Enquirer: 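Below you will find the structure I want to go over with you.
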Amino acid sequence: MTIADIARHVGMTNMTVSRALNKPDKVKPETRERILVAARELGYVPNAFASHLRSRENRLIGLVTASVDNPFYSEVIKAISRDAKKQNYTIMLIDTDGAPELEEVAIETLLSYQVAGIILSPVSDDAEYRPAYLDRLRQASLPVVMLDRTLNVADFSRVVLDNHRAGRLLGEQLVKQGIRQVLALTGPRGSQITQQRLAGLKGAFEAAGVPLRLDQRAGDYTLQPAYRDMADYLRHSPLPEAVFGFNQLITLGAMRALHDAHLSRDEVLVVGVDRLPYADIFDVSVPCAVHDTYLAGHEAIQLLFEQIDDPATAPREVVISATLLR
């Protein structure tokens with residue numbers, strides 16, 4: 001249903017109808033009311049995208065994540081959405097489900113909508129991952145902020161977690177509890193996040209002068225592969241002293257496999273990065289290295305606003321620290 005349809009229905013010109021809908025003060029009250037009634041009856045919905053193009057001021061921000069079902073992103077998205085509303089922006093959220101081809105489509109879609117800026121958590125933070133859309137973003141001179149996972153480029157601002165500190169804090173906790181052998185269920189081996197958390201873990205044992213026997217099973221930061229890896233390890237290897245889950249979903253996958261194998265946390269110590277939601281309700285205590293994810297989302301959109309307001313702003317990095325939750 002268009003303005004032309006409404007105009008035909010009420011027997012008026014397109015210009016009169018357009019004014020009644022967009023500049024109601026320029027139309028007589030009785031004419032305006034007649035047009036508004038007709039618009040409601042006909043089910044007219046304004047074309048927001050066309051309005052953006054006409055005003056040359058797009059109040060749309062793209063948010064691209066690799067996995068919306070990861071609880072890590074819930075607080076991030078909440079912070080970004082709330083801060084966007086305060087500035088009269090609307091969020092367009094796209095979940096790439098960890099697929100590079102869907103990420104490519106997501107970026108092209110946001111560029112076609114002429115968004116004001118993009119907050120991007122890529123499908124991979126491997127140093128060798130160089131998606132083709134990078135050149136398109138640069139050509140568009142579009143404000144871009146990377147969040148959590150980052151591409152190995154220097155010309156975009158970023159909000160990252162202190163992954164080395166997270167690994168270090170949990171490593172120190174394991175040392176204190178007399179652990180000498182650890183099964184690390186990690187993200188991909190090439191992931192910068194994986195490498196930083198591993199380095200922190202190893203650094204804690206080295207600083208304490210304690211030898212570490214480390215087994216690594218690389219996954220993709222999701223629950224089901226972590227469950228399969230943990231279950232397979234329990235079938236074919238001696239029981240580990242401790243299991244280190246490299247994110248929330250990995251930790252939950254490991255805990256499910258231990259539960260299905262009828263093993264308690266008294267038999268195998270479990271630690272992990274990210275808070276386990278509602279664990280206290282079930283009297284579950286798992287030492288975790290946690291980051292303020294709401295703050296991460298807040299900082300990401302503030303960086304984006306800086307670049308929208310001043311395109312000449314130099315790229316910046318904000319690091320979200322980790323704390324130990326026992």
Side-chain angles (χ1 to χ4, degrees), residues 65-74 95-99 123-126 148-149 163 166-167 169-171 173-175 177-202 204-205 211-290 325-326:
T65 72
S67 179
V68 167
D69 61 349
N70 186 337
F72 169 87
Y73 288 108
S74 60
D95 179 10
T96 62
D97 204 24
V123 300
S124 173
D125 66 337
D126 190 303
D148 184 30
R149 299 177 186 176
N163 295 297
L169 288 172
L170 289 171
Q173 182 68 17
L174 293 172
V175 168
Q177 296 190 231
I179 299 298
R180 301 295 179 264
Q181 190 262 329
V182 176
L183 169 62
L185 299 176
T186 75
R189 291 183 185 275
S191 162
Q192 298 172 70
I193 294 173
T194 292
Q195 293 167 3
Q196 291 161 6
R197 291 177 181 174
L198 269 179
L201 169 65
K202 294 175 181 177
F205 278 81
L212 169 64
R213 288 180 288 122
L214 179 66
D215 292 320
Q216 180 186 359
R217 293 290 180 96
D220 64 357
Y221 291 118
T222 61
L223 189 149
Q224 200 57 36
Y227 173 83
R228 290 196 300 266
D229 285 344
M230 184 77 250
D232 180 71
Y233 191 93
L234 293 173
R235 285 193 297 268
H236 300 104
S237 304
L239 202 62
E241 294 179 6
V243 176
F244 184 159
F246 268 43
N247 79 344
Q248 184 183 78
L249 293 177
I250 290 176
T251 304
L252 290 172
M255 291 173 67
R256 178 186 288 179
L258 290 168
H259 175 270
D260 289 353
H262 306 290
L263 293 167
S264 72
R265 289 186 306 282
D266 293 330
E267 296 173 87
V268 180
L269 176 64
V270 177
V271 301
V273 178
D274 299 335
R275 188 187 308 270
L276 297 183
Y278 312 116
D280 56 326
I281 296 177
F282 304 100
D283 197 28
V284 173
S285 177
V286 175
C288 297
V290 301
L325 181 67
R326 295 186 178 86

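Computation of the quantities below employed the complete heavy-atom set of this structure, encompassing side-chain atoms and omitting hydrogens, waters and symmetry-equivalent molecules. Numbers here are sequence positions counted from 1. Keep in mind the model is a prediction, meaning the values are calculated, not measured.
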Enquirer: Let me see the working for Leu223 and Ile250 under side chain to side chain contact (heavy atoms under 4.5 Å, CB included), right down to the final yes or no.
Expert: CA-CA 5 Å; Leu223 189 149; Ile250 290 176; over 6 Å; no
Enquirer: To check you understand the geometry: which heavy-atom pair defines the closest contact between Arg180 and Phe205, and what is its length?
Expert: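 Heavy atoms of Arg180 and Phe205 come nearest at CA-CE2, 4.5 Å.
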Enquirer: Do the non-hydrogen side-chain atoms of Pro71 and Leu249 ever get within less than 4.5 Å of each other?
Expert: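 Side-chain contact under 4.5 Å: yes.
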Enquirer: Can you see which heavy atom on Asp274 is nearest to which on Val290, and at what distance?
Expert: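 It is C-CG1, 4.0 Å.
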Enquirer: Looking at Thr222, is its backbone amide N or carbonyl O close enough to the side chain of Asp220 to form a donor-acceptor pair, meaning the two atoms are under 3.5 Å apart?
Expert: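 Confirmed, Asp220 side chain pairs with Thr222 backbone.
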Enquirer: Would a distance-only check, ignoring hydrogens and angles, find a side-chain to backbone donor-acceptor pair under 3.5 Å from Gln248 to Arg275?
Expert: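 Side chain of Gln248 to backbone of Arg275: a pair is present.
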Enquirer: Using distance only, find each side-chain donor-acceptor pair of residues 251-259 under 3.5 Å and give its atom names and separation, not counting sequence neighbours.
Expert:
from, atom 1, to, atom 2, distance (Å)
Thr251, OG1, Asn247, O, 3.0

Enquirer: Looking only at non-hydrogen atoms, find the nearest pair between Ala242 and Leu174 and report the distance.
Expert: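 Shortest heavy-atom contact: CB-CD2, 3.9 Å.
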Enquirer: Locate the shortest heavy-atom distance separating Ser124 from Arg149; write the atom from each residue and the value.
Expert: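 Scanning both residues completely, I find the closest heavy atoms to be N-NH1, 4.5 Å.
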Enquirer: Nearest heavy-atom pair of Val273 and Ala166: which atoms, and what distance?
Expert: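 In this case the closest contact between Val273 and Ala166 is CG2-CB, 4.4 Å.
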Enquirer: Are Leu183 and Val268 side-chain neighbours, meaning at least one heavy-atom pair lies under 4.5 Å?
Expert: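 A side-chain contact is absent here, since even the closest heavy-atom pair is not under 4.5 Å.
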Enquirer: Between atom CG of Leu214 and atom CG of Leu201, what is the distance when rounded to the nearest 0.5 Å?
Expert: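 Taking CG in Leu214 and CG in Leu201, the distance rounds to 6.0 Å.
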Enquirer: As an exercise, state the distance from CG of Leu263 to CE of Met230, rounded to the nearest 0.5 Å.
Expert: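 Leu263 CG to Met230 CE: 8.0 Å, rounded to 0.5 Å.
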Enquirer: For the side chain of Glu241 and the backbone of Gln181, is there at least one donor-acceptor N/O pair under 3.5 Å apart?
Expert: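 Side chain of Glu241 to backbone of Gln181: a pair is present.
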Enquirer: Pairs in or reaching into residues 188-201: which pass side-chain hydrogen bond (donor to acceptor under 3.5 Å, both in side chains), with residues at least two apart or in two chains?
Expert: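 Qualifying pairs: Asp125-Ser191, Asn163-Gln196, Asn163-Arg197, Arg189-Gln216, Ser191-Tyr221, Thr194-Tyr221.
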Enquirer: Go through the steps to decide whether Ile193 and Phe246 satisfy the test side chain to side chain contact (heavy atoms under 4.5 Å, CB included), and finish with yes or no.
Expert: CA-CA 9 Å; Ile193 294 173; Phe246 268 43; over 6 Å; no
Enquirer: Which pair of heavy atoms, one from Arg217 and one from Asp229, lies closest together, and at what distance?
Expert: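 Closest heavy-atom pair between Arg217 and Asp229: NH1-O, 3.7 Å.
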Enquirer: Check whether Ser67 reaches the backbone of Asp97 with its side chain - one donor and one acceptor, N or O, closer than 3.5 Å.
Expert: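 No; judged by distance alone, with no hydrogens or angles, the pair does not exist.
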Enquirer: Working to the nearest 0.5 angstrom, can you tell me the gap between Leu198 CG and Phe244 CZ?
Expert: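 Rounded to the nearest 0.5 Å, the CG-CZ separation comes to 8.0 Å.
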Enquirer: The test is side chain to side chain contact (heavy atoms under 4.5 Å, CB included); show your working for Asp215 and Tyr233 and say whether it passes.
Expert: CA-CA 10 Å; Asp215 292 320; Tyr233 191 93; 2.7 Å; yes
Enquirer: Supply the atom-to-atom distance Ser285 OG to Leu276 CG, rounded to the nearest 0.5 angstrom.
Expert: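 Separation between the atoms: 10.0 Å.
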